[in-house]
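Quick notes on the structure that follows.
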Amino acid sequence: MYELIKTEHAARRGRFHTVHGTIETPAFMNVATAAAIKGGLSAFDLKDIKCQVMLCNTYHLHLRPGDEVVRDMGGLHKFTRWDGPILTDSGGFQVFSLASLRKIKEEGVTFNSHIDGRRIFMGPEESMQIQANLGSTIAMAFDECVKNPAEHAYAQQSCARTVRWLQRCKTELGRLKDEGLAVNPDQLLFGINQGSCFDDLRVAHMKEIADLDLDGYSIGGLAVGEPTEEMYRVIEVVEPHMPQNKIRYLMGVGTPGNILESIARGVDLFDCVMPARNARHGHFNTWQGIINIRNAKYERDESPISQECDCPVCRNFTRSYLRHLFKADEILGMRLGVMHNLYFYNTLLEKARAALDEGRFESFRMQYSALLDSRI
RNA sequence: GGGAGUGUUCCCGAGCGGUCAAAGGGGGCAGACUGUAAAUCUGUUGCCGUACGGCUACGGUGGUUCGAACCCACCCGCUCCCA
């Protein structure tokens with residue numbers, strides 16, 4: 001259940017209550033695609049980096065180890081030892097990103113496994129069955145993330161199908177819960193807005209799915225190559241049609257600046273692979289902008305990654321040491337980098353919440369939006 | 001003592017008369033990454049100049065040739081084999 005506490009213009013400060021705990025929003029979800037944060041963080045580490053929600057992926061876990069294995073092991077919470085909220089993505093994005101050899105039909109999508117190449121079929125029912133087996137706190141609807149740029153006619157027909165798929169997701173998850181087949185009997189379902197960059201499709205689609213009275217609503221299909229300004233415009237167009245009393249999730253976004261700008265436009269929830277991936281590649285967030293720890297200038301730098309950061313990494317290690325770990329290909333470098341970047345993101349959202357609480361989010365946004373995305 | 005090899009740009013290593021500032025790795029330097037097929041991918045790496053180009057380079061010194069990293073002679077250094 002979403003509780004709206006306070007607003008500042010379009011920006012919202014809220015709480016999302018779930019059986020696995022309350023999420024203070026706006027919030028950032030830490031991506032653990034295959035039930036592990038890449039770079040070597042476990043559920044125990046997540047406590048140290050202020051993580052509120054973990055995100056796992058239906059498609060990946062279906063392939064490996066298999067959702068039935070996870071179910072038999074007691075669900076994702078027991079499996080990973082993370083007891084907080086978990087959101088599972090539906091596999092819709094993989095249909096989009098694993099572009100080769102896919103076939104989209106009314107029933108669902110057939111595509112090839114990226115692991116062994118075998119044909120996989122996934123439709124709304126399959127996605128719900130898998131997510132019910134995983135036992136996540138929140139299941140995402142099975143959608144099609146249309147590639148960018150898209151033809152209006154194609155996006156329109158895709159939207160119509162995504163609505164039908166959403167209805168089927170709702171029906172199927174209801175059935176699974178009613179029949180006691182869901183590991184988490186309180187599993188929630190979020191719908192996903194699509195419509196590419198076409199305002200009319202975005203609005204019409206949002207209105208249609210809002211009627212289904214789901215537990216939350218996402219904006220999908222953004223940050224897939226369109227200009228950032230275009231992304232912001234689409235959010236502004238859709239936002240007025242999103243239910244006020246439901247949580248809003250912008251899927252796959254983004255940079256610190258993207259997040260602050262999207263909060264200002266009414267978004268509550270985010271997830272992105274960037275902080276972890278950038279960290280694995282030696283790009284670290286600081287309160288002055290982004291640094292590439294591999295750069296020669298850090299060879300003898302005694303300062304922490306970010307001066308104002310109090311994460312376990314910044315409290316203990318120098319840039320010089322981190323640079324060495326990266327140059328020497330020590331996995332510790334990645335682990336520490338990922339810890340820092342995720343702590344940074346979780347702290348960024350924490351600061352944003354504090355700013356909202358105190359009615360100074362606008363100045364907070366102005367101070368950091370461009371700065372944090374800049375490169376040093 | 002006799003014989004057979006070998007010496008290339010930061011390193012390893014290709015090259016066997018012109019199209020060679022020299023393949024390919026590694027290393028170095030820098031860049032990309034937005035619901036993760038991603039510990040991945042890209043660029044660059046003799047000096048000077050924006051560029052045309054110029055200069056210095058393939059152990060050393062001479063030589064053959066219009067032209068040499070490549071051919072010849074000697075010298076130096078390594079490696080291996082036989083005594």
Side-chain angles (χ1 to χ4, degrees), chain A residues 28-40 53-61 63-64 87-102 111-117 120 127 136 138-148 190-194 216 218-228 230-232 249-259 261-262 267 269-283 285 290-299 323 325-338 341 345 373 375:
Chain A
F28 181 76
M29 299 191 282
N30 294 214
V31 180
T33 300
I37 306 271
K38 291 193 190 300
V53 198
M54 188 165 89
L55 182 152
C56 299
N57 195 287
T58 296
Y59 163 78
H60 297 260
L61 294 171
L63 292 185
R64 214 163 41 188
L87 180 143
T88 40
D89 192 15
S90 65
F93 186 75
Q94 277 59 49
V95 172
F96 155 83
S97 61
L98 277 52
S100 64
L101 296 166
R102 69 157 189 254
F111 56 119
N112 289 35
S113 157
H114 72 278
I115 297 170
D116 58 10
I120 307 281
S127 180
S136 56
I138 302 158
M140 292 304 298
F142 186 71
D143 67 332
E144 181 191 355
C145 179
V146 176
K147 69 170 184 292
N148 181 271
F190 284 10
I192 304 173
N193 171 250
Q194 291 289 349
S218 331
I219 302 175
L222 291 182
V224 289
E226 80 284 358
T228 305
E230 185 82 345
M231 175 173 87
Y232 294 151
Y249 164 28
L250 177 59
M251 306 186 80
V253 174
T255 65
N258 291 160
I259 288 172
E261 292 303 318
S262 301
V267 177
L269 197 55
F270 302 87
D271 83 280
C272 191
V273 304
M274 270 187 134
R277 183 181 292 165
N278 280 346
R280 274 180 280 129
H281 298 164
H283 287 68
N285 295 99
I290 299 166
I291 65 166
N292 181 350
I293 201 64
R294 305 184 74 111
N295 288 173
K297 59 186 168 184
Y298 302 123
E299 188 171 31
R323 173 176 141 93
L325 294 177
F326 269 82
K327 303 297 282 185
D329 268 326
E330 287 292 341
I331 52 174
L332 180 61
M334 286 198 199
R335 177 173 147 78
L336 296 179
V338 171
N341 274 6
Y345 265 64
D373 287 3
R375 306 189 57 86

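Sequence lines set the chain letters: A, B, ... in the order given, protein chains first and strands last, and positions in each chain run from 1. Keep in mind it's a predicted model, so treat the numbers as computed, not measured. Note that these values count all heavy atoms, side chains included, but never hydrogens, waters or copies made by symmetry.
L87(A) comes within 4.0 angstrom of no nucleic acid atom, judged by non-hydrogen atoms across all strands. R64(A) comes within 4.0 angstrom of no nucleic acid atom, judged by non-hydrogen atoms across all strands. At the heavy-atom level, Q194(A) lies under 4.0 Å from base atoms of the strands shown. Using a 4.0 Å heavy-atom cutoff across all strands shown, A276(A) reaches at least one base atom of the nucleic acid. Across all strands shown, I331(A) has heavy atoms under 4.0 Å from base atoms, whether or not it also approaches the sugar-phosphate. Nucleic acid contact class of H60(A) (heavy atoms, under 4.0 Å, all strands): sugar-phosphate only. The residue D89(A) sits close to a base: some heavy atom pair falls under 4.0 Å. Here G333(A) lies out of heavy-atom contact (under 4.0 Å) with every strand. Residue contacts shown for N295(A) are limited to sugar-phosphate atoms, with no base heavy atom under 4.0 Å away.
Pairing partner, U56(B): none, since no Watson-Crick or wobble contact has both distances short of 3.5 Å.
Atoms CZ (F93(A)) and C1' (U36(B)) sit 8 Å apart, rounded to a whole Å.
Using a 4.0 Å cut-off, no side-chain N or O of N292(A) falls inside it from OP1 or OP2 of A30(B).
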